[in-house]
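Take a look at the structure below.
All values below were derived from every heavy atom in this structure, side-chain atoms included, with hydrogens, water molecules and symmetry-related copies excluded. Numbering of ligands and ligand atoms starts at 1, following listing order.
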Amino acid sequence: SQRVVLITGCSSGIGLRIAVLLAKDEQKRYYVIATMRDLKKKDKLVQAAGDAFGNTLTLQALDVCSDDSVRQCISAVKDRRVDILINNAGVGLLGPVESISLEQMKMVFETNFFGTVRMIKEIMPDMKRRRAGHIIVMSSVMGMQGVVFNDVYTASKFAIEGFCESLAVQLLKFNVKLSLIEPGPVHTEFEAKMMEEVAKMEFPGADADTVRYFKDVYIPSSIDIFEAMGQKPDDIAKCTKKVIESRNPRFRNLTNSLYTPIVAMKYADETGGLSVHTFYNLLFNFGSLMHITMNILKCLTCSCLRRRAISPD
Ligand code: NAD
């Protein structure tokens with residue numbers, strides 16, 4: 001029988017691609033409930049879904065930041081049965097900490113952390129009762145490794161990683177699976193939305209050096225990294241489908257093998273010094289050579305590390 005998949009944040013990017021890929025499964029193994037905050041933004045999804053829309057794909061309004069919205073959405077699901085929950089909705093935040101208000105920071109946690117927790121709290125009890133289910137969380141390599149000027153976004157992803165790492169142990173007892181997807185950079189509106197924000201930023205409270213490091217050192221190197229390492233949202237969708245279809249899904253799933261050395265470096269030196277100094281050197285001593293450095297990293301990634309990531313193909 002069909003497995004019911006509920007996905008958050010499907011109006012764009014990774015969420016949209018996962019919804020479409022699963023709904024278009026040739027064997028029709030999935031019934032996709034694609035949710036988004038604002039149903040007025042459904043056109044791109046509806047168009048991409050084609051014939052699947054109304055058959056294996058249905059739409060529902062859901063704002064992960066609202067108790068009422070989440071409750072309403074899940075009560076409308078037949079028998080409240082969600083076999084696979086994909087927590088994808090998320091927001092980014094870039095910039096010097098001095099310039100970001102606590103209110104803005106809390107909004108990021110409201111969506112990325114509490115939004116995911118709210119979904120899990122609503123759906124997990126039914127999964128536990130049925131002794132079946134799979135919870136997927138779209139984390140990020142920034143959930144495992146801090147990245148300069150992404151302090152708050154990274155913290156929100158670390159928070160959800162800690163939450164899931166703790167919960168996964170208990171869920172094993174109930175035969176409920178929990179998997180984190182850990183993409184590196186992905187070309188979606190996420191990137192564009194953040195660059196738009198940056199262009200508007202005025203940096204109140206930040207000193208001139210910090211602003212310069214952010215605008216003239218970090219931003220160009222970040223653009224280089226997206227160019228050199230960026231994956232397509234469809235790649236992440238294919239990786240996610242593989243995780244869902246795996247008999248024994250892994251807890252952490254990197255989607256980009258170029259990031260496996262970064263994770264290996266972190267675990268190779270538990271004092272953290274190696275990671276902090278490597279990133280310092282990458283940013284401040286190589287500067288515009290970031291692109292070259294990334295290419296060297298590509299060459300150095302040995303095959304045994306590469307195999308630690310799932311490939312979209
Ligand atoms: P995106 O901006 O295209 O998609 C994010 C979606 O979440 C949007 O459709 C947005 O409307 C939705 N959303 C935001 N707040 C919401 C709320 N309160 N309720 C419901 N939906 C809400 O970006 P994306 O790259 O597709 O991001 C999807 C996920 O992937 C995010 O969790 C993000 O952190 C993660 N991620 C992205 C990248 C990247 O480089 N793009 C890398 C690693 C992880």
Side-chain angles (χ1 to χ4, degrees), residues 6-21 33-45 48 59-74 85-94 104 106-119 122 136-145 147 150 152-161 164 180-197 222-223 225-237 239-240 252-256 258-259 262-263 309:
L6 188 138
I7 312 167
T8 63
C10 291
S11 61
S12 60
I14 297 169
L16 185 152
R17 295 315 321 174
I18 297 176
V20 171
L21 184 70
I33 304 171
T35 72
M36 58 185 73
R37 226 178 341 187
D38 181 1
L39 285 176
K40 287 204 277 304
K41 293 196 178 152
K42 67 176 192 298
D43 293 356
K44 248 198 311 180
L45 173 67
L59 286 178
Q60 284 268 5
L62 189 152
D63 176 349
V64 299
C65 293
S66 153
D67 286 342
D68 284 347
S69 167
V70 169
R71 226 176 282 132
Q72 264 175 28
C73 176
I74 304 309
L85 164 65
I86 304 185
N87 295 285
N88 163 79
V91 291
L93 184 62
L94 267 181
Q104 282 174 289
K106 284 180 185 169
M107 276 309 298
V108 174
F109 270 78
E110 268 307 320
T111 310
N112 297 2
F113 180 72
F114 291 110
T116 301
V117 172
R118 185 175 284 112
M119 292 303 300
E122 190 67 26
I136 303 273
V137 173
M138 200 52 66
S139 182
S140 165
V141 288
M142 290 197 211
M144 294 185 286
Q145 174 61 57
V147 173
N150 282 270
V152 178
Y153 174 73
T154 297
S156 73
K157 293 293 188 183
F158 267 60
I160 201 64
E161 292 254 343
C164 291
L180 296 165
I181 314 288
E182 319 275 12
V186 186
H187 300 289
T188 63
E189 285 173 26
F190 203 77
E191 187 190 353
K193 279 177 203 165
M194 281 203 296
M195 291 308 166
E196 239 172 66
E197 290 293 311
S222 161
I223 292 172
I225 289 177
F226 263 91
E227 244 169 59
M229 325 261 265
Q231 288 184 293
K232 294 194 297 284
D234 210 36
D235 295 332
I236 313 307
C239 290
T240 306
R252 287 204 171 80
N253 300 272
L254 272 112
T255 67
N256 188 334
L258 297 172
Y259 276 85
I262 288 168
V263 180

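For T8 (side chain) and N88 (main-chain N/O), a donor-acceptor pair under 3.5 Å exists by modelled atom type. When atom types are taken as modelled, the side chain of N253 and the backbone of L180 share a donor-acceptor pair closer than 3.5 angstrom. Without hydrogens or angle criteria, Q231 side chain to T255 main chain gives a donor-acceptor distance under 3.5 Å. Proximity of a side-chain donor or acceptor of N256 to a complementary backbone N or O of M229 within less than 3.5 Å is detected. Without hydrogens or angle criteria, K157 side chain to M138 main chain gives a donor-acceptor distance under 3.5 Å. The backbone N or O of I7 lies less than 3.5 Å from a partner atom in the side chain of T35, making a donor-acceptor pair.
The shortest side-chain heavy-atom distance between T240 and I86 falls under the 4.5 Å cut-off. Put simply, the side chain of R252 does not reach to within 4.5 Å of the side chain of V263, judged on heavy atoms. Residues I236 and R17 are not in side-chain contact: their nearest non-hydrogen atoms beyond the backbone lie 4.5 Å or more apart. Annotation: side chain of L59 is in contact with side chain of M36 (closest heavy-atom distance under 4.5 Å). By the 4.5 Å heavy-atom criterion applied to side chains, R118 and E110 are counted as neighbours. A heavy-atom distance below 4.5 Å is found between the side chains of C73 and L6. Two residues are said to be in side-chain contact when any heavy atoms from C-beta on lie closer than 4.5 Å; D235 and V186 fail this criterion. In this structure the side chain of L254 reaches within 4.5 angstrom of the side chain of M144, judged on heavy atoms.
Distances below 4.0 Å separate heavy atoms of S11 from the following atoms of ligand 1: 9 (O), 11 (O). Taking a cut-off of under 4.0 Å to the non-hydrogen atoms of G184, the atoms of ligand 1 that pass are 40 (O), 42 (C), 43 (C). Heavy-atom contacts of G13 reach the following atoms of ligand 1: 3 (O), 26 (O) (cutoff under 4.0 Å). Contact atoms of ligand 1 toward F226: 40 (O) (distance under 4.0 Å to a heavy atom of the residue). Close contacts between ligand 1 and P185 involve ligand atoms 40 (O) [criterion: under 4.0 Å to a heavy atom].
Atom 36 (N) of ligand 1 has as its closest protein heavy atom Y153 OH, 3.7 Å. If you check which protein heavy atom lies closest to atom 2 (O) of ligand 1, you get K193 NZ, 2.7 Å. The single protein non-hydrogen atom nearest to atom 22 (C) of ligand 1 is A89 CB, 3.5 Å, given as residue, atom name and distance. Regarding atom 12 (C) of ligand 1, its nearest protein heavy-atom neighbour is G9 CA, 3.8 Å. Looking only at protein heavy atoms, the nearest one to atom 8 (C) of ligand 1 is S12 OG, 3.5 Å. Among protein heavy atoms, atom 27 (O) of ligand 1 sits closest to F190 CD1, 3.9 Å. The protein heavy atom nearest to atom 24 (P) of ligand 1 is T188 OG1, 3.5 Å. G90 O, 3.6 Å is the protein heavy atom nearest to atom 5 (C) of ligand 1.
Residue contacts with ligand 1 include L62, since one of its heavy atoms falls under 4.0 Å from the ligand. Assignment of E182 to the shell around ligand 1 is not supported, since no heavy atom sits closer than 4.0 Å. Ligand 1 lies less than 4.0 angstrom from a heavy atom belonging to C65. Residue S139 places a heavy atom under 4.0 Å from ligand 1. Ligand 1 lies less than 4.0 angstrom from a heavy atom belonging to D63. Look at G92 and you'll find every heavy atom at least 4.0 Å from all atoms of ligand 1. Heavy atoms of P233 come nearer than 4.0 angstrom to ligand 1 in no pair at all.
Between T111 and ligand 1, a contact under 3.5 Å exists for no N or O pair. Considering backbone and side-chain N/O atoms, S140 never comes within less than 3.5 Å of an N/O atom of ligand 1. Between P183 and ligand 1, not a single N/O pair is under 3.5 Å apart. Backbone and side-chain nitrogen or oxygen atoms of V186 are examined, and one is located within less than 3.5 angstrom of a nitrogen or oxygen of ligand 1.
Within the 4.0 Å heavy-atom criterion, neither part of M36 lies near ligand 1.
The closest side-chain donor-acceptor pair between S156 and N112 falls under 3.5 angstrom.
Across the listed options H187, R37, R17, R37 owns the non-hydrogen atom lying nearest to atom 10 (C) of ligand 1. Of the options N112, I14, N88, the smallest heavy-atom separation from atom 29 (C) of ligand 1 is shown by N88.
Scanning all heavy atoms of the two residues, the minimum distance from T111 to C65 falls at OG1-SG, 3.6 Å.
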